[in-house]
*Asks:* 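The structure under discussion is supplied below as C-alpha cells; questions concerning it will follow.
Below, chain A is the first sequence line, B the second, and so on; all start at residue 1.
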Amino acid sequence: MRITTTVNGTEHEVDDVWAGESLLYVLRERMGLPGSKNACEQGECGSCTVYLDGEPVCACLVAAGQAIGREVTTVEGLATEGELHPVQEAFVEAGAVQCGFCTPGLLVAAHDLLERVPDPSDLEIREALAGNLCRCTGYEKILDAVRLAAARQARP
Amino acid sequence: MTTMDRLVGAGVDRIDGPAKVRGTAPYAYEQDPGEPIAHLAVVQSTVNRGRISRLDPSRAEALPGVLAVLTPANAPRLGKGLASDLPVLQSLDVHYQGQVVAAVVAETSEIAKAAVGAIAVGYDAEPPDVALSPDREDLYAPEKLMAGFATDSIIGDVDGALAAAVVSIDATYETPTQHHNPIEMHTSMARWDGDSLTLWDADQGPHNIVNDLVTGFGLDAGQVRVISPYVGGAFGSKAFTHPNQMLAAMAARVVGRTVVYELTRQQMFSLVGHRTPTIQRLRLGADPEGRLTAISHEVVEHTARIAEFAEQTATPTRVLYAAPHRRTTHRLARLDVPPPTIMRAPGETPGMFALESAMDELAVVLGLDPVELRIRNEPERDPERDLPWSTRNLVECLRTGAERFGWAGRDLRPGVRTEGRWLVGTGVASATYPTRRRKAQCRISVDGAGRYVVEIDGSDIGTGAWTALTQIAADALGTDMASVELRIGDSRLPFAGGAGGSTGLASWGTAIVFTARDLRKQLDEQHGGQPPAGGLSVDGELPGESPHAKTHSMHAYGAHFVEVRVDRDSGEVRVPRATSVYDAGTIVNAKTARSQLLGGFSMGVSMALHEGSVTDERYGHYVNHDLAEYHVATNADIGEIDISWLDVDDQLANPIGLKGIGEIGITGAAAAVANAYWHATRLRIRDLPITPDKYFRELGES
C-alpha cells in the first residue's frame, strides 16, 4: 500500500506499507520522525499523541491507511523555523521535562488544550492531560508549564 | 549552606530540555548504527516451572523476512558465571512465567512479532508456586540483604519489653508486587564489528552492563562499548543487565548485522524485574507518654528460584526512632516468579509504609498528636550502630511541614469531618533514606582557550544529572556552564557506577570536584594559573565511601503531610493537597531537584492508591500486565503538592554537602496517605493499594 500524507507541512510518500501498520510505526520507522514515542502500543499512555487533521490522536491506534490524504502534525512540527513554540519553551522553563519520553505526546496534548481553551483552569488542565502518563514529574510542573504558556499566549 | 559556589543551588533549566521538547534527543531505539537494523521479538514461557518438551521453529523460519529463530537448541553458548536470568536460551528448563524460550530476528518488528505467533511450544510443567504467606514452612533467612545490610538486628529483650509495655500495637501490613514501568520500554541495539560489540542501550549506567557482556560473550572489557546518553526513565529496572541486552548481542552475532530489541509494555512485567511483595508484622511498645520501649519489625518477602534478591525492607526501622529494645528480621520465600530487583528506594519504600503506619496507630492508642509522638522518639545517636549523625533534621522537617500545612489545632478524632459527600482527614509520616557515595573516576581536559571537557560515565535517566553535574563542574573549575562540555552515558568514559541508591551526584559530582581541584592545582603550580596553549588533561578518582561513613550515620530525612478525601458513597479517594519538607543537604539545582522530589512523592501516592501487580495463583501470571490495568497516577489523580527543603548541608558526606534526592520523596509517602485515610474514615487499610473496594470491605468488618 502506498501512503501519501502531509506531515508537519511536508508531503510524505511511502510505499509497501502493510495494512496492519500503525501511523506511529510509519512515522517512526518509515518517515524518519522518531519524536512521537512508542510506550504502550495500545493507547494508554499518550506518548505518541499527534494531530490528525487537527484532532489529537494516539498514533499507535490509527492505522497508517487512515492517514492517507490527511494532515499530521507531530512534536517535530510544533517549532516554527527553529524557534520553540511557547508550549515547548514553557515545558523547559517550568521543569516539566525529566526523562523526556512522555514529553512529545504531552506537548501535542497541551498545545491542543491551549488552542481550544486559551485560559484553562487547573481542573481543565488535569483532565485534558490525564491521558498522558508521566512517571517522573508527578505532573505538578506540567501544570505550571501549561499555566505559563497560557499566560504568555494571552499577552498582546 | 556552603558558599563555595555560584551555580550550585541555582534553578538552571535542564540543558537536555530543548532536544527533548523538539523530539530530537536520541533514545536507544533511535540511535543510528550506520547500517540497516534487524528486529528481535521473543517467545515467552506460559508456565512458571518445568521444561520445554516441544519447540518447533520451522513455520516461523519459513516466513519471508525472518532472518533467524534462536532457541535453546541452536543459540550460541554464553560464558559461565552469568547470574539470574542472563543465561538466555541456554537451557530447556523454565523458572518463571515470561522467561524467553525463543527469539525471532526479522527484517522488521512487525515480521518478527508475527513470526513469534507461528512458534509452537510445549512444556512438561508443574503447578506454579507463587503465593507468599508468613505461614510457609520454607521461609528462610538469607545470608545478607541487598547492599550488604545484615539480615536481622536484635538489641535487648524485645519480647520482654513488649509484654511489659503499658501501651502497644501489633499489626501486619502488606504491600503488593509493583512494577517500575518507566515510560520508555527497555531497549537494546547491538552491532558487532569483528569481535567488538557496541550496544546502544536504555540503562542506568553503561559500566553496570559491560561486565555481563564481557562474561557472556568471552570478551575483554575493551571490546565492549555501551552507550546510553538519553534514557526514558528507569526507577531501578534499568540498573542491571536483563535478558534484553544479552539477546540483542547474541542475535546480532548470529545474523551478522545490527539487531534492536525493544520490549513490549507487557514484557516489562516479566523480563526486567519488579518490587517484591511484602508482609510485615510491626509491634511497638511504649510508655504512657509515648516513649518507645520496644520496636519489632519482621518482614516476609519473596525471591526467585534462580536468583536471590533480599530486599532490605526493615532497615529504616534500624535508624528512625529511639527504643532500648529492638528487632528487625527478614525472611524469604523462593517462588516461581521472575527475579525481583531494586525499585525506587528498595527497602525503605515498603518498610516505611509499615513503620509509619504503625507509628500512627500507636499515636491513636496514646491519644497523642502523631507529629509529637515522632518528636518524642527522636534518637540522639543512631540507635543500632551507636554512632553520631552526620546531620539529622527530622524534627525540623516535621515542625516546618506542620506549619506550612496548617497542622496546628488538628482534631485527633477520625471520621468526623465532612464536606458534602467527602470524608476529610489529614495524616503525617516521616521519610528517610541513606546517604552514600561510590567509587568514580573522572577526566577533565582544558584547551588553550579555557574550554573544559568533563568526562565521566555518569547517567541521566531523567534526574537532571546532565545539568547538575555541569553546574558542579563549572563551580569546581571556577568557570561558567557554557565553558564546560560534559560527556556522560558511555562506557568508554572513565568508570562510574550507575544512577541508583541516590548516589549519582554524591559520587560523580565528588569525583568531578576532586579532579577539578587537581587540574587547578596543576594549572597554578606549573602553568601560572593559565591553561597552556597545548591544553592539559587530568585524571582523578573518588575512591568510594566518605572517610566519615564509618564514624557517622548518614541519612536524608523528610516529613509528609497529606489531606485525603474519601467519597462516602463510592469509596473514591482523592489527595487534594500535600506538603513535604526535606533535609536532603545541599540542593544542587533547585529546579531539577524539586521535580525529583515531586516525582518521588507522587509515585508514593500512586503506590498508596493505585499500584499493584495481581498474581493469578492458579496460572502464575500477572493478570494486569499493561498500563490499562496496572494503574499509575495520572495528572487528574494528583493534587497540589508543596515541596520545600531545609537550608542545610552535610560536609561529612561529600564536599558538595548533598545527601541525594532521587528516593527520599517516595519513602513514607504511602503511609502519610493511609494515615490520612484513617483520619478521614476511621478505617485502617493495612494492605496497599487503598482501592475503593477496600472501603466497603472495611465498612463490612467495622
*Asks:* Between B:Glu110 and A:Glu29, does the side chain to side chain contact (heavy atoms under 4.5 Å, CB included) criterion hold? Intermediate values first, please.
*Replies:* CA-CA 11 Å; B:Glu110 300 286 350; A:Glu29 302 285 338; over 6 Å; no

*Asks:* Between chain B and each of A:Ala130, A:Gly131, A:Cys102, A:Gly35, count heavy-atom pairs under 4.5 Å; write down the option with the most.
*Replies:* A:Ala130

*Asks:* For the side chain of B:Lys20 and the backbone of A:Val97, is there at least one donor-acceptor N/O pair under 3.5 Å apart?
*Replies:* no

*Asks:* With a 4.5 angstrom heavy-atom cut-off, is it the side chain or the backbone of A:Leu33 that approaches chain B, or both, or neither?
*Replies:* neither

*Asks:* So that I can tick it off, tell me whether A:Glu93 and B:Arg14 are bridged by a salt bridge, with the cut-off set at under 4.0 angstrom between side-chain N and carboxylate O.
*Replies:* no

*Asks:* Check whether A:Leu106 gets within reach of chain B through its side chain, its backbone, both or neither, counting any heavy atom under 4.5 Å.
*Replies:* neither

*Asks:* Working to the nearest 0.5 Å, report the span between CG of B:Leu598 and OH of A:Tyr139.
*Replies:* 13.0 Å

*Asks:* Distance from A:Lys141 atom NZ to B:Thr592 atom OG1, nearest 0.5 Å?
*Replies:* 11.5 Å

*Asks:* Quick one: closest heavy-atom pair of A:Gly138 and B:Ser602, and the distance?
*Replies:* CA-OG, 3.1 Å

*Asks:* How far apart are the closest heavy atoms of A:Phe91 and B:Val21, and which atoms are they?
*Replies:* CB-CG1, 4.1 Å

*Asks:* For A:Leu84, is it the side chain, the backbone, both, or neither that has a heavy atom closer than 4.5 Å to a heavy atom of chain B?
*Replies:* both

*Asks:* Out of B:Met268, B:Arg594, B:Glu611, which one racks up the most heavy-atom pairs below 4.5 Å with chain A?
*Replies:* B:Glu611

*Asks:* Check the surroundings of atom CD in A:Glu83: do more than 12 heavy atoms from other residues, nucleotides or ligands lie under 6.0 Å from it?
*Replies:* no

*Asks:* Select one option (side chain, backbone, both, neither) describing which atoms of B:Phe601 are under 4.5 Å from chain A's heavy atoms.
*Replies:* neither

*Asks:* Looking at chain A, which one of B:Glu184, B:Met603, B:Glu262, B:Lys591 has the largest number of heavy-atom pairs inside 4.5 Å, strictly under?
*Replies:* B:Glu184

*Asks:* More than 12 non-hydrogen atoms from neighbouring residues, nucleotides or ligands closer than 6.0 Å to CG on A:Asp15, yes or no?
*Replies:* yes

*Asks:* What are the two closest non-hydrogen atoms of A:Cys136 and B:Phe235, and how far apart are they?
*Replies:* SG-CZ, 3.9 Å

*Asks:* Check each atom of B:Tyr230 against the heavy atoms of chain A and say whether the ones under 4.5 Å are side chain, backbone, both or neither.
*Replies:* neither

*Asks:* Check B:Ala636 against A:Glu127 and note the closest heavy-atom contact, atom names and distance.
*Replies:* CB-OE2, 3.9 Å

*Asks:* Could you tell me which of B:Ser595, B:Gly639, B:Ala234 has the largest number of non-hydrogen atom pairs under 4.5 Å with chain A?
*Replies:* B:Ser595

*Asks:* Would B:Met185 and A:Asn38 count as a side chain to side chain contact (heavy atoms under 4.5 Å, CB included) here? Give the steps.
*Replies:* CA-CA 8 Å; B:Met185 275 95 72; A:Asn38 170 33; 4.0 Å; yes

*Asks:* Less than 4.5 Å to any heavy atom of chain B: does that hold for the side chain of A:Asn132, its backbone, both, or neither?
*Replies:* neither

*Asks:* Rounded to the nearest 0.5 Å, how far does CD of A:Gln42 lie from CG of B:Leu627?
*Replies:* 7.5 Å

*Asks:* If you take all heavy atoms of B:Ile183 and A:Leu133, which pair is closest and at what distance?
*Replies:* CD1-O, 3.7 Å

*Asks:* So which part of A:Glu89 gets closer than 4.5 Å to some heavy atom of chain B, the side chain, the backbone, both or neither?
*Replies:* neither

*Asks:* Which one, A:Ser36, A:Pro104, A:Cys40, A:Gly77, leads in non-hydrogen pairs under 4.5 Å with chain B?
*Replies:* A:Cys40

*Asks:* Would you give the length of the straight line joining atom CG of B:Asn635 to atom CD1 of A:Ile142, rounded to the nearest 0.5 angstrom?
*Replies:* 6.0 Å

*Asks:* Name the region of B:His631, side chain, backbone, both or neither, that has any atom closer than 4.5 Å to a heavy atom of chain A.
*Replies:* neither

*Asks:* What are the two closest non-hydrogen atoms of B:Arg22 and A:Gln88, and how far apart are they?
*Replies:* CA-NE2, 4.0 Å

*Asks:* Under 4.5 Å from any heavy atom of chain A, what part of B:Ser606 do you find: side chain, backbone, both or neither?
*Replies:* side chain

*Asks:* If you count heavy-atom pairs under 4.5 Å with chain B, which of A:Leu123, A:Thr137, A:Thr103 comes out on top?
*Replies:* A:Thr137

*Asks:* For B:Asn181, which atoms come within 4.5 Å of any heavy atom of chain A: side chain, backbone, both, or neither?
*Replies:* both

*Asks:* Heavy-atom cut-off 4.5 Å, strictly under: side chain, backbone, both or neither for B:Ile638 against chain A?
*Replies:* both

*Asks:* With a 4.5 Å heavy-atom cut-off (strictly below), which parts of residues 44-71 of chain A touch chain B? List them by number.
*Replies:* A:Glu44, A:Cys45, A:Ser47

*Asks:* I'd like to know if the side chain of B:Gln266 pairs up with that of A:Glu41 as donor and acceptor (distance under 3.5 Å, no hydrogens or angles considered).
*Replies:* no

*Asks:* Under a 3.5 Å distance rule, please check whether B:Tyr29 uses its side chain to pair with a backbone N or O of A:Pro34 as donor and acceptor.
*Replies:* no

*Asks:* Looking only at atom types and distance, does a side-chain atom of A:Arg135 sit under 3.5 Å from a main-chain N or O of B:Pro182, one as donor and one as acceptor?
*Replies:* no

